[in-house]
Amino acid sequence: MLVTLIPLFDENMTVKAYSLFTQKDKYLMNQEGQNEVTTAIEGLDVIQTMGVDTFAGSKEIFVTLNLLSIFTKFEDECGIPPEQLVFLIDNTLPPEDIYINRLREIKRKGYKLAIRKLEIRQYQQYQEILKLMDYMFFDYKKMDISRGRLFFTKQFPHIKLCAGNLDTRESFEKLKAQGGYRYYEGPFYRVPVTQGQHKVVPLKVNYIELLNLVNKDDYELKYAADIITRDTALAISLLKLVNKFARNSEIVSIKYAAAALGQKELRRWINTVVTNQLYSNKPNEITRLSLLRAKFAENLAPFFGLAMQASELFLMGLFSVVDLIFEMPMSDALEKLKLSAQIRDALVNHHGGLDTVYEFLLCYENANWQEVADILNYQHIDAQDVYEAYMQSLGWYRDLIT
């Protein structure tokens with residue numbers, strides 16, 4: 001089993017919900033399982049195992065139902081607040097009484113419902129199901145969603161509309177201007193820019209200086225401490241961290257705090273916390289994406305035969321969205337960060353040894369399961385190992401921000 005989260009944004013680029021997509025191991029290893037359906041609600045099983053806070057916190061989370069899993073009697077054992085859970089169906093679920101009645105039953109229990117992949121020609125046929133829906137997903141690439149929006153505004157005004165598969169910021173801004181959509185989904189929020197600013201604001205210059213310093217093979221703790229003292233928020237964050245490890249010691253300076261952590265731990269703290277500060281004026285999902293990629297890449301290192309380069313993979317994932325942060329091409333953004341040639345080759349040129357993990361990260365987070373399967377088969381990696389690596393990364397991120 002593999003699992004990944006797809007964020008859903010509002011018009012202010014704030015993440016309001018997540019869709020949880022899963023894929024069974026059988027499909028990953030061969031083609032025999034492509035059409036297999038199961039009675040288990042796989043996404044729900046995963047959430048119950050790890051806890052909803054690991055995945056979505058207090059946000060809504062969309063979980064897929066199929067032809068058989070819809071009849072699973074999950075209501076009494078779910079353990080997730082009904083108002084937080086949205087069950088997602090598609091046009092493979094026929095508009096027949098047996099399914100309609102089950103959807104009504106789920107709805108009466110307080111859960112929300114959503115539908116996707118419905119074609120315009122099917123709207124009339126699915127009227128009874130649409131009456132029960134809370135959300136409708138439109139595919140921006142496959143249909144005229146403006147036409148769909150007009151239809152639903154008139155015929156089903158209670159349904160909240162979601163624009164999916166948006167691949168550019170321009171498409172997002174266009175639909176945002178039109179109005180009428182509750183959520184926006186797609187890779188538009190992390191599309192690399194080709195041109196942009198080439199100056200970095202003063203505070204961020206300090207962050208870049210600090211990152212460049214601590215990512216040298218050997219660096220002076222006192223120089224790192226000097227830079228940290230220029231930023232009150234960083235200094236406070238460092239002191240809070242050190243207090244957890246030195247409760248019986250009195251911290252008399254930032255230099256003392258840095259020394260208490262030591263080179264290795266201070267480097268790790270700076271690479272995560274300072275990066276978070278760099279990304280503070282961007283959508284929160286960019287920060288989450290950066291940190292999740294970093295930890296996931298580090299966790300994947302041994303399975304790709306790169307255990308000795310786990311730290312480099314962490315940095316590769318961490319800075320894989322630096323073009324979005326500095327609003328300039330990746331090659332220009334990386335000029336400001338003195339990272340290894342292998343990291344640069346992976347992020348800019350997509351080769352150099354670490355690129356296989358980077359390619360895998362992109363396929364995985366987009367739920368491109370066939371591409372994921374190809375890489376796993378070629379690298380002889382067990383899907384269960386990947387699942388555990390991803391779940392551990394989610395837990396690490398949860399603990400980091402709480």
Side-chain angles (χ1 to χ4, degrees), residues 4-7 9 12-15 165-173 184-215 270-298 300 311-366 368 371 393 397:
T4 192
L5 290 172
I6 305 294
F9 296 87
N12 297 316
M13 289 291 289
T14 300
V15 176
N165 208 10
L166 304 182
D167 57 355
T168 66
R169 182 61 67 89
E170 289 75 19
S171 59
F172 166 71
E173 294 295 343
Y184 303 84
E185 178 272 324
F188 67 93
Y189 71 97
R190 50 182 166 83
V191 174
V193 296
T194 56
Q195 59 183 356
Q197 300 175 5
H198 287 267
K199 292 184 178 180
V200 183
V201 295
L203 202 58
K204 288 188 177 182
V205 170
N206 290 336
Y207 299 156
I208 295 169
E209 184 180 353
L210 191 55
L211 290 170
N212 285 334
L213 173 66
V214 301
N215 284 304
I270 287 172
N271 279 326
T272 52
V273 176
V274 174
T275 302
N276 197 4
Q277 293 290 330
L278 272 177
Y279 298 1
S280 60
N281 65 336
K282 296 295 178 182
N284 289 340
E285 186 61 21
I286 296 295
T287 302
R288 190 191 77 95
L289 181 67
S290 169
L291 292 169
L292 267 184
R293 281 183 178 178
K295 192 61 179 178
F296 192 27
E298 180 184 65
L300 289 172
S311 296
E312 278 189 280
L313 285 169
F314 183 91
L315 290 180
M316 180 195 72
L318 194 67
F319 294 115
S320 61
V321 293
V322 73
D323 54 339
L324 302 177
I325 307 312
F326 294 150
E327 298 181 352
M328 60 181 64
M330 180 66 78
S331 57
D332 293 342
L334 289 178
E335 287 291 340
K336 301 180 179 298
L337 301 170
K338 296 178 175 61
L339 302 175
S340 72
Q342 275 200 309
I343 293 175
R344 183 181 179 85
D345 280 346
L347 296 179
V348 177
N349 304 316
H350 301 282
H351 66 68
L354 306 182
D355 61 304
T356 303
V357 178
Y358 181 51
E359 178 188 353
F360 183 81
L361 293 177
L362 299 181
C363 293
Y364 191 94
E365 67 191 31
N366 287 317
N368 293 333
E371 289 86 349
S393 302
Y397 175 75

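Basis for what follows: all heavy atoms, side chains included, without hydrogens, waters or symmetry-related copies.
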- Note on the structure: Between Leu318 and Ser290, the two heavy atoms sitting closest are O-OG, 2.5 Å
- Nearest-0.5 Å distance, CG of residue Leu324 to CG of residue Leu289: 8.5 Å
- Item | Residue pair Val321 / Tyr189, side-chain heavy-atom distance below 4.5 Å | no
- Tell me, please, which residues at least two apart from Glu173 pass side chain to side chain contact (heavy atoms under 4.5 Å, CB included). Arg169, Lys176
- Query: Residues two or more places apart in sequence or in another chain: which of them pass side chain to side chain contact (heavy atoms under 4.5 Å, CB included) with Asn165?
  - Reply: Asp139, Lys141
- Message: Among residues at least two apart in sequence or on other chains, which ones pass side chain to side chain contact (heavy atoms under 4.5 Å, CB included) with Val15?
- Response: Pro7, Phe9, Tyr18, Lys59, Glu285
- Note on the structure: The salt bridge (Lys or Arg N to Asp or Glu O under 4.0 Å) partners of Glu298 (sequence neighbours excluded) come to Arg268, Lys295
- Message: Applying side chain to side chain donor-acceptor pair (under 3.5 Å) as the test, list every pair that has at least one member in residues 345-356; sequence neighbours left out.
- Response: Asp345-Asn349
- Query: Could you give the distance from CG (Leu313) to OG (Ser320), rounded to the nearest 0.5 Å?
  - Reply: 11.5 Å
- Query: Can you list the residues that meet the side chain to side chain donor-acceptor pair (under 3.5 Å) rule with Thr168, with sequence neighbours excluded?
  - Reply: Ser171
- Note on the structure: Between the CG atom in Leu166 and the CD atom in Glu185, the distance rounded to the nearest 0.5 Å is 7.0 Å
- Query: Atom CD1 of Ile270 and atom CG of Leu213: how far apart are they, to the nearest 0.5 Å?
  - Reply: 7.5 Å
- Message: Going by salt bridge (Lys or Arg N to Asp or Glu O under 4.0 Å), name the pairs with one or both residues in residues 311-320, residues two or more places apart or in two chains.
- Response: none
Check residues 357-366 and write down every donor-acceptor pair under 3.5 Å in which the side-chain atom is one partner and the other belongs to a residue at least two apart or another chain.
unit_1 : atom_1 : unit_2 : atom_2 : d
Tyr364 : OH     : Val3   : N      : 3.1
Tyr364 : OH     : Val3   : O      : 2.5
Glu365 : OE1    : Arg293 : NE     : 3.0
Glu365 : OE2    : Arg293 : NE     : 3.4
Glu365 : OE2    : Arg293 : NH2    : 2.5
Asn366 : OD1    : Arg190 : NH2    : 2.4
Asn366 : ND2    : Leu362 : O      : 3.0

- Message: Test of understanding: with salt bridge (Lys or Arg N to Asp or Glu O under 4.0 Å), list the residues that count as partners of Glu335, not counting sequence neighbours.
- Response: Arg344
- Test side chain to side chain contact (heavy atoms under 4.5 Å, CB included) applied to Asn271 and Leu315, step by step: CA-CA 8 Å; Asn271 279 326; Leu315 290 180; 3.4 Å; yes
- Smallest separation among heavy atoms of Met316 and Ala346, with atom names: SD-CB, 3.8 Å
- Between the CG atom in Leu291 and the CZ atom in Phe296, the distance rounded to the nearest 0.5 Å is 15.0 Å
- Please report the C-alpha distance between Phe319 and Met330 in whole Å, then the side-chain angles of each, then the deciding distance to 0.1 Å, and finally whether the side chain to side chain contact (heavy atoms under 4.5 Å, CB included) criterion is met. CA-CA 10 Å; Phe319 294 115; Met330 180 66 78; over 6 Å; no
